[in-house]
Visitor: 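Here it is, the structure in full.
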2 protein chains.
Amino acid sequence: MISINFRDSRPIYEQVKDSLRRLIVSGALPADEKLPSVRELAAQLVINPNTIQRAYRELEHEGYIVSVPGKGSFAMAQSGANTERIRALLAQFDDAADELMYLGVPAGELRARIAEKEAKGNEA
Amino acid sequence: MISINFRDSRPIYEQVKDSLRRLIVSGALPADEKLPSVRELAAQLVINPNTIQRAYRELEHEGYIVSVPGKGSFAMAQSGANTERIRALLAQFDDAADELMYLGVPAGELRARIAEKEAKGNEA
DNA sequence: CAACTGTATTAACCGTCTTAGTACAGTTAG
DNA sequence: CTAACTGTACTAAGACGGTTAATACAGTTG
């Protein structure tokens with residue numbers, strides 16, 4: 001479900017954040033779904049609870065989850081559009097598309113990928 | 001031309017790499033164009049020459065530039081398709097698209113962005 | 001020869017990531 | 001109520017990577 005790569009230069013807490021965000025975005029973690037507890041996920045990944053805590057704290061700050069002392073952490077329905085995050089994602093999207101086309105990947109293939117996601121999103 | 005952000009958590013040499021790669025990809029730096037020397041760019045950005053050297057070394061390893069002792073560093077025409085880089089870029093592209101659509105950005109807008117790039121690429 | 005180019009190497013500093021250990025308050029099942 | 005869970009906070013220590021500084025050497029060029 002969630003995996004981390006110790007060889008990766010990226011911090012573990014970032015990898016955990018991205019994994020969880022991807023699970024939420026993909027629908028694998030619907031709103032109000034309970035996440036593993038800080039200690040449980042730490043034990044599962046064999047890393048320190050502090051590292052998980054940091055990932056959860058930042059995900060909550062980004063509006064993807066909500067943590068309640070004593071109860072747990074839960075996936076959260078996206079409320080207000082996160083304009084700042086959208087701006088960053090669009091920049092990432094454009095950069096990747098620009099370089100891919102420079103490297104010879106046809107624009108049609110990129111558009112087809114979008115269309116495929118659109119279909120998958122509607123079937124769910 | 002090339003700018004770095006000291007507040008950014010990303011390493012300076014990565015920022016330099018991305019700036020140069022973007023200049024090459026966008027066509028601002030055509031093949032065989034001479035890049036600033038290691039020391040010159042370091043002085044311009046007020047950072048250590050070693051940091052520039054590292055950026056150049058890795059860009060050469062990625063096939064974006066070529067460095068010749070005594071002469072300088074030059075933008076390089078993309079020869080063989082860099083399959084590894086393309087794979088990573090497609091993953092980045094997909095992740096951004098997935099989350100953008102999750103956040104409510106319509107697929108049509110993403111496709112329109114691709115089409116726009118396609119048009120710009122053809123006019124050049 | 002002089003001034004440039006890339007390249008290599010060593011040492012030192014500093015910030016961040018991660019771990020370990022402990023502690024406290026809220027929640028919940030028995 | 002108690003026990004076991006939950007999130008949260010804090011300090012200390014170690015490890016690692018990024019960056020700088022200071023040289024040094026070889027190839028190129030006017």
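Computed from a prediction, not measured in an experiment: that's the story for all the values here. By convention in this document, chain letters (A, B, ...) are assigned in the order of the sequence lines, proteins followed by strands, and residues within each chain are numbered from 1. Heavy-atom basis, side chains included; hydrogens, waters and symmetry copies ignored.
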Visitor: One thing to verify: whether A/Arg22 and B/Asp98 come together as a salt bridge, which I'm taking to mean a side-chain N less than 4.0 angstrom from a carboxylate O.
Guide: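 Answer for the salt bridge query: no.
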Visitor: In whole angstrom, give the distance that lies between atom CG of A/Asn5 and atom P of C/dC17.
Guide: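 Result: 17 Å.
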Visitor: Among all residues two or more places apart in sequence or in another chain, which pass the side-chain hydrogen bond (donor to acceptor under 3.5 Å, both in side chains) test with A/Arg87?
Guide: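 In terms of side-chain hydrogen bond (donor to acceptor under 3.5 Å, both in side chains), with neighbours along the sequence ignored, A/Arg87 is linked to A/Glu84.
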Visitor: Kindly state each residue pair satisfying salt bridge (Lys or Arg N to Asp or Glu O under 4.0 Å) with at least one member in residues 45-70 of chain A, sequence neighbours excluded.
Guide: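 Those involving residues 45-70 of chain A are A/Lys17-A/Glu58, A/Lys17-A/Glu62, A/Arg21-A/Glu62, A/Arg54-A/Glu58.
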Visitor: Could you give the angle between the helix axes at the two ends of the helix from C/dC1-D/dG30 to C/dG30-D/dC1, with five pairs per end, rounded to 10 degrees?
Guide: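 For the helix from C/dC1-D/dG30 to C/dG30-D/dC1, the axes at opposite ends meet at about 30°.
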Visitor: How many whole angstroms separate atom CG of B/Asn48 from atom P of C/dT10?
Guide: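 Result: 17 Å.
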Visitor: Which donor-acceptor pairs under 3.5 Å do side chains of residues 33-48 of chain B form with protein atoms, sequence neighbours excluded?
Guide:
unit_1	atom_1	unit_2	atom_2	d
B/Ser37	OG	B/Glu40	N	3.0
B/Asn48	OD1	B/Asn50	N	2.8
B/Asn48	OD1	B/Asn50	ND2	3.2

Visitor: Provide, to the nearest angstrom, the distance between the CD atom belonging to B/Gln15 and the C1' atom belonging to D/dT19.
Guide: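 It works out to 13 Å between those atoms.
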Visitor: Among residues 6-13 of chain B, which ones have heavy-atom contacts with DNA chain C below 4.0 Å?
Guide: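 Result for residues 6-13 of chain B: none.
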Visitor: With salt bridge (Lys or Arg N to Asp or Glu O under 4.0 Å) as the criterion, how do B/Arg85 and A/Glu99 come out once you've worked through the C-alpha distance, each side chain's angles and the decisive distance to 0.1 Å?
Guide: CA-CA 10 Å; B/Arg85 173 108 190 129; A/Glu99 191 171 346; 2.6 Å; yes
Visitor: Between atom CZ in B/Arg54 and atom P in C/dA8, what is the gap in whole Å?
Guide: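 About 14 Å, once rounded to whole Å.
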Visitor: Output a table of nitrogen or oxygen pairs between the protein and nucleotides 6-9 of chain D separated by less than 3.5 Å.
Guide:
unit_1	atom_1	unit_2	atom_2	d
D/dT6	OP1	A/Ser37	OG	3.1
D/dT6	OP2	A/Ser37	OG	3.4
D/dT6	O2	A/Gly70	N	3.1
D/dG7	OP1	A/Val38	N	3.4
D/dG7	OP2	A/Val38	N	3.0
D/dG7	N7	A/Arg39	NH1	3.0
D/dG7	O6	A/Arg39	NH2	2.8
D/dT8	O4	A/Arg39	NH2	3.3

Visitor: Can you tell me how far C1' of C/dA20 sits from CD1 of A/Ile52, to the nearest Å?
Guide: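 Nearest whole value for this atom pair: 16 Å.
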